[in-house]
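Counting from 1, the numbers follow the sequence of the chain as shown. All heavy atoms count here, side chains included; hydrogens, waters and symmetry mates do not. Note that ligands are numbered from 1 as they come in the structure, with each ligand's atoms numbered from 1 the same way.
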Amino acid sequence: MIRKIFTMLFLSAGVLSASAQEVSLSKGWKFAVGDSAQWASPTFNDQGWQAANLNESWEQQGHPNYDGFGWYRTKVVIPSSLKNNSFLKDSLRLNLGSVDDNDEVYINGKLIGKYGGYGGTIKDGHYGARSYTIAVNNPAILWDKENVIAVRIFDTGGDGGIYSTGHGNVFNLTMADVMDHVTVNTGADFEYGENNSLNKSIKLVTTNKYLYSGKLAFKVVDPENGTVLYEKTNDANFTSGKPFTYSFSIARLAKRSYAITYTFTDTKSGKSIVKTETTPYVLTPYPSAKVKINGADVFGARPGNPFLYLIPASGKRPLTYKADGLPEGLKLDANTGVITGVVAQKGDYPVTFTVSNSLGAKTKKFTISIGDNIGLTPALGWNSWNAWGLSVNDEKVRVSARAMIDKLSQHGWAYINIDDGWEAENRAADGKIVTNSKFPDMKGLADYVHSLGLRIGIYSSPGPRTCGGFLGSWQHEDQDAQTYGDWGIDYLKYDWCAYSEIVPKPDLPGLKKPYQVMRGSLDKVHRDIMYSLCQYGWGDVWNWGGEIGGNSWRTTGDIEDTWQSMSGIGFRQGDAAPHARPGHFNDPDMLVVGKVGWGPSLHNTRLTYDEQYTHISLWSLLSSPLLIGCDMGHLDEFTLSLLTNDEVIAIDQDALGKGASQYVKKDDYQIWVKDLKDGSKAIGLFNTSDKYQTISLDKNDPAISGYTKFRDAWQQKYIITAGNALTAKVAPHGVLLVRVEK
Ligand code: GAL
């Protein structure tokens, strides 16, 4: 699996526990690479095997670059006191930390669980936490005797083995508790009802046969002052196959999040399960029917290459488009707003766009810059990874493109990028890269995306294989770049991955080299292909990513949809930020708003609504590429409001291309300031604490002195301030994003 260099959380694997509720499995493991059916057997002699460290992959324990099969074994006495002391006495749970990438688990030679319950085969990667439930009367278990646990692992690529990460760090045997396998399912979207109501249904769900009978307490609190706004307790009964549904409707009068707590208490056992969530609130004004021309003020393209630009304009359809001053070689489709053609001559061409509908017309001055530099403002688009992981396919890409055209391109969103998972297992006989069966016709797909006026991206690695174990471009760089050109690709994300097998410990020139090789190959292709370097920030890439021809470079390991991950990455961008400039931007990784999942099943982002405002505000201040990472087929009202706020997007797309500086850094809050092209500034007042904070800048503070007008970018309205100081009460993990003007 992926080398999550920066995000791996090595939490302690647990200490040998003497408690009657659990038997620790954190010690005593041995392992071997290879494969043999004998290794499941309790009588197999594993004395010669290597002791396993459960904090490390097998690569880190003397098997660099090893992919394929390996086995882990340990011996443990399972005391019957475990079940005797438990309220429920049905099943035992085997918690196996995290498995990379897939597993089969044997107790005393008998298979008791496999593939994390996902189905398929051991060769399908299902990297992640593992927990198996075994009936107490399963004859595989020898109560009060020594048991041999053997785990067969298959690693599809990258790191492999059993080890603890943030995804699963518990190695033990416990009895299934009353509240195990009980979920308070809050996955449904909030509905925005009439009269400012916010409605939702949640479910109490279990796979246990036990009849849960008790009370569900529902409580809504204003986090600023602890005021309880709603409180209600209902009877709730549920069991396997018969969930309990609770529907509620609350008023959404204030523009802020409330905290909801759901507590179910089972009467007989006295056990409880608690789940919390916050309520959404939309700040982006309701879209106007009048025409507005949105997006950046400039677009760069190379002379002689195919040109494609969709004029982003919102307002009641149909719209009619006009462009005055287009350079020779370009033509505009007046009905779609798509400009195509080829410009031969370098130069900055001032253009005036006019867009009209039944309610009137708007104009906007725009620059078409024909030269060597492309990507003059950060890319705005979608990438498949955070939503679909390796399960991306042609259909999902088309759905995303369609959704972008219907809902987002009016605001400047333009790229549809396919991440890992499109490549075949082997190259064609002539060495050409080919797609796997999920992408039957890449050229056809690219043509479709282009026909909508959007651009399409693809993914590869300089190594022999990608992080997902697919084919990389190693020693086929020219050929692959040519193939991308033939297909009509507009964006390449180039991810280090298995290049570590070629150069395990690169020095600075070594870090640059594979990216320079592909740069050379892309330069031979007559297309404007945005070049996105992905090597997790190694060697402080922000110092040199632009020089070697990257339009953007990842500054970090992989993001996850948690506050810890998103804020940890975002607020650490201070060193990289000054290196952002037109055509060359820091990339703190893709967005984690909306429905994400990194695989076939998705969930709502675990970020609170305020955290999502922080995410988009901070990334915009940083001039980061904004690459949506969610299911575009199911954009809920809140997510859509986050992604269609033109004044916020304008901060990201500002033509000066600066990254914000970390102006104030305190324990509880931070202030980031970004200079904008028109002389105004964008300022983010971020509350990084768990409580409401008042955050202020004095009127004489150099960041705002001389600036008299403060505009709330999310609400798109001027803030009335006392004495020209900038002061705001900011929600926990939330932000006030302002544009200060003279
Ligand atoms: C990781 C990369 C992710 C994604 C993934 C695909 O290395 O950081 O963004 O591209 O590989 O396997």
Ligand-residue contact atoms, ligand 1 with [X], heavy atoms, under 4.0 Å:
X      : answer
Met590 : 9 (O)
Lys493 : 3 (C), 4 (C), 9 (O), 10 (O)
Gly468 : 12 (O)
Cys534 : 8 (O)
Tyr536 : 7 (O), 8 (O)

- Query: To the nearest 0.5 Å, what is the distance between OG (Ser641) and CG (Leu635)?
  - Reply: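 Reported value, rounded in 0.5 Å steps: 11.0 Å.
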- Task: Report yes or no: does a heavy atom of Asp495 sit under 4.0 Å from some atom of ligand 1?
- Result: yes
- Item | Aromatic contact, Tyr115 with Phe154 (centres under 6.0 Å) |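 Ring-ring flag for Tyr115/Phe154: false, centres at least 6.0 Å apart.
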- Would you confirm whether the ring centroid of Tyr459 sits within less than 6.0 angstrom of the ring centroid of Phe470? no
- Query: Taking the six-membered ring for Trp, are Tyr484 and Trp487 parallel (under 30°), tilted (30 to 60°) or perpendicular (over 60°)?
  - Reply: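 Geometry flag for Trp487 against Tyr484: tilted rings.
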- Task: Just say parallel, tilted or perpendicular for the rings of Tyr609 and Phe638, cut-offs at 30° and 60°.
- Result: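 Ring orientation, 0 to 90° scale: perpendicular.
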- Query: Based purely on interatomic distance, does Asp589 place a nitrogen or oxygen under 3.5 Å from a nitrogen or oxygen of ligand 1?
  - Reply: no
- Contact check: Asp420 vs ligand 1, nitrogen or oxygen atoms, below 3.5 angstrom: yes
- Query: According to the side-chain hydrogen bond (donor to acceptor under 3.5 Å, both in side chains) rule, which pairs have a member within residues 427-439, sequence neighbours left out?
  - Reply: Arg427-Asp480
- Message: If we set the cut-off at 4.0 Å for heavy atoms, which region of Trp496 has an atom near ligand 1: side chain, backbone, both, or neither?
- Response: neither
- Ionic contact status for Lys595 with Asp189, cut-off 4.0 Å: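 Salt bridge: yes.
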